[in-house]
Amino acid sequence: MNIKPLAPRSDFPLLAGDPKLHYLDSAATTQKPQAVLDAISGYYERDNANPHRGAYTLSAAATEAYQTARDSIARFLGAADPDTLIFTRGTTESLNLLATAWGHANVKKGDRIVVTRLEHHANFVPWQQLALATGAEFRICELTAEGEIDLAKLSELVTKNTKVVAFGHVSNAIGTVNPVAEIAAIAHRVGALAVCDGAQGAPHLTVGFDSLGVDAYAFSGHKMLGPMGIGGLIAKRDLLESMPPYQMGGDMIALVGDNATTWNVLPHKFEAGTPNVEGAVGLAAAVGYLESLGMDKVHAHETALVRYATERLATIEDLTLLGPPAVRRGGLVSFTLRDVHPHDLSQLLDAENIAVRAGHHCAQPLMRALGVNATTRASFYVYNDSSDVDALVSAVAHVRERFAATV
Ligand code: PMP
């Protein structure tokens, strides 16, 4: 099989500088194209000032750069109203914003919060802690044997007193792609909020927020070719307008009286303090790069790599692939190799220049249900090709042979 990279490796300085590296950890963070690095340095070389605060030309340039970035990222994610895109540090902060600001204003004792067994800790712990703080009931929707959300169970769990259903677009641990619209419809039947963790969705699939059906969608720039420390929360305007602010300080106020304060309009109400303009500008360049590749092609490329990897890994004795079949899985493979700890395996692979992740993938509730402590995960993106899969498969097979030879 010869699957070529969708994006040339030469566009990515780190990969170009290390031709032997098989980088298979894009679900943790992606490498950055030169276009993103150039956008960041160009911003500092030409436009840097504190936005929104100065009346002078350079501050206006910084404000313009920040707002233009918001416009293009919102467009990329399918939100017609760019002011409903709140910039945050990433998915974790976006979900904490919701659970804290919306949660404490709307959830009380006797209410129910529903999450799923697939969730990353970022979409699990904030809701669990909200339940503990308010006295609400915290319920976890279990999975089918293939690692997919059991929609029949979810329908039963989402009762009239349910205030929020929080779920991921794509599982970072086992790759399950969830039926977002169906889950949102289940939540909306009882008037609950549908909150989607898009950390592994936005980099790989067309999001189309306005027709997706959810009330709020969280994402991280660094998982979609952008810089670290920037991401966002897109939400319905009426939800954001009815919520209290999350953090207080500069920019988010309208009028500060001695005894009371009023809030600024969206998006500023949720962006207290000096914003991460560099991050927004870098992320806008990243989405421009993804748009030039085409998200349909990005998805098709990953699907081809995952199918190929799944077929080849399945031939290795003692290897167990976790998660749904490749046709219903995002751009990653997660597996265990009998009696070889994932940490040992990933170190042995590292010696062959193969970078994979080993561990619980910030999904301990899921690991418990799967009956494993950890898995080894290889995740693919636009710069990967079939030679990365071939290197992974032969190195894993080699570890298995060496291990089998010693017992
Ligand atoms: N949710 C999922 C599904 C993730 O994969 C991640 C990152 N591993 C997060 C949330 C948290 O993202 P961040 O660390 O960028 O806030």
Side-chain angles (χ1 to χ4, degrees), residues 23-32 36 73 77 85-100 115-129 140-141 143 147-149 165-178 180 183 194-205 207 214 216-234 246 276 279-280 282-283 286-287 302 322-324 329-334 346 355-367 370 374-381:
Y23 185 72
L24 294 174
D25 198 20
S26 293
T29 200
T30 57
Q31 298 304 337
K32 319 302 172 196
V36 169
I73 298 161
L77 294 170
L85 163 56
I86 310 300
F87 281 128
T88 63
R89 283 193 296 122
T91 307
T92 304
E93 189 175 38
S94 299
L95 294 167
N96 274 276
L97 186 165
L98 266 184
T100 306
V115 301
T116 88
R117 184 58 75 185
L118 280 175
E119 297 323 301
H120 185 283
H121 296 159
N123 201 28
F124 190 99
V125 184
W127 302 113
Q128 177 197 59
Q129 294 302 306
I140 305 166
C141 181
L143 308 177
E148 293 173 298
I149 295 173
V165 178
F167 63 99
H169 196 165
V170 179
S171 159
N172 66 306
I174 57 172
T176 314
V177 180
N178 291 316
V180 176
I183 298 173
V195 175
C196 188
D197 168 352
Q200 302 294 341
H204 309 285
L205 301 164
V207 173
V214 297
Y217 192 90
F219 65 98
S220 296
H222 69 97
K223 294 186 195 286
M224 47 198 290
L225 307 179
M228 291 191 176
I230 186 82
L233 177 73
I234 301 194
Y246 174 52
N276 180 359
L283 180 53
V287 306
E302 291 169 359
L322 298 155
R329 191 139 37 82
L332 61 88
V333 285
S334 198
S346 69
V356 294
R357 180 131 310 228
H360 54 62
H361 314 296
C362 297
Q364 288 178 0
L366 173 63
M367 296 292 123
L370 295 173
T375 80
T376 302
R377 180 189 73 189
S379 51
F380 306 104
Y381 211 25

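The model shown is predicted, which means the values in this text are computed figures rather than measured ones. Start at 1 and go down the list; that is how both ligands and their atoms are numbered.
With a 4.5 Å cut-off on side-chain heavy atoms, Leu143 and Leu370 do not count as touching.
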I'd like a table of donor-acceptor pairs (distance under 3.5 Å, sequence neighbours excluded) in which one partner is a side-chain atom from residues 194-203, with atom names and distances.
unit_1	atom_1	unit_2	atom_2	d
Asp197	OD1	Ala199	N	2.9
Gln200	NE2	Ala27	O	2.9

Residues Ser379, Ser26; criterion side chain to side chain donor-acceptor pair (under 3.5 Å); working and verdict: CA-CA 6 Å; Ser379 51; Ser26 293; 5.3 Å; no
Candidate pair His169 and Phe219, rule ring-ring contact (aromatic ring centres under 6.0 Å, His included), full reasoning: CA-CA 10 Å; His169 196 165; Phe219 65 98; over 10 Å; no
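Under the rule for a ring-ring contact (aromatic ring centres under 6.0 Å, His included), the partners of His360 that lie at least two apart in sequence or sit in another chain are His121. Qualifying ring-ring contact (aromatic ring centres under 6.0 Å, His included) partners for Phe87, counting only residues two or more places apart in sequence or in other chains: Tyr66.
Ligand 1 lies under 4.0 Å from heavy atoms of Thr91, Thr92, His120, Ala122, Asn172, Asp197, Ala199, Gln200, Ser220, His222, Lys223.
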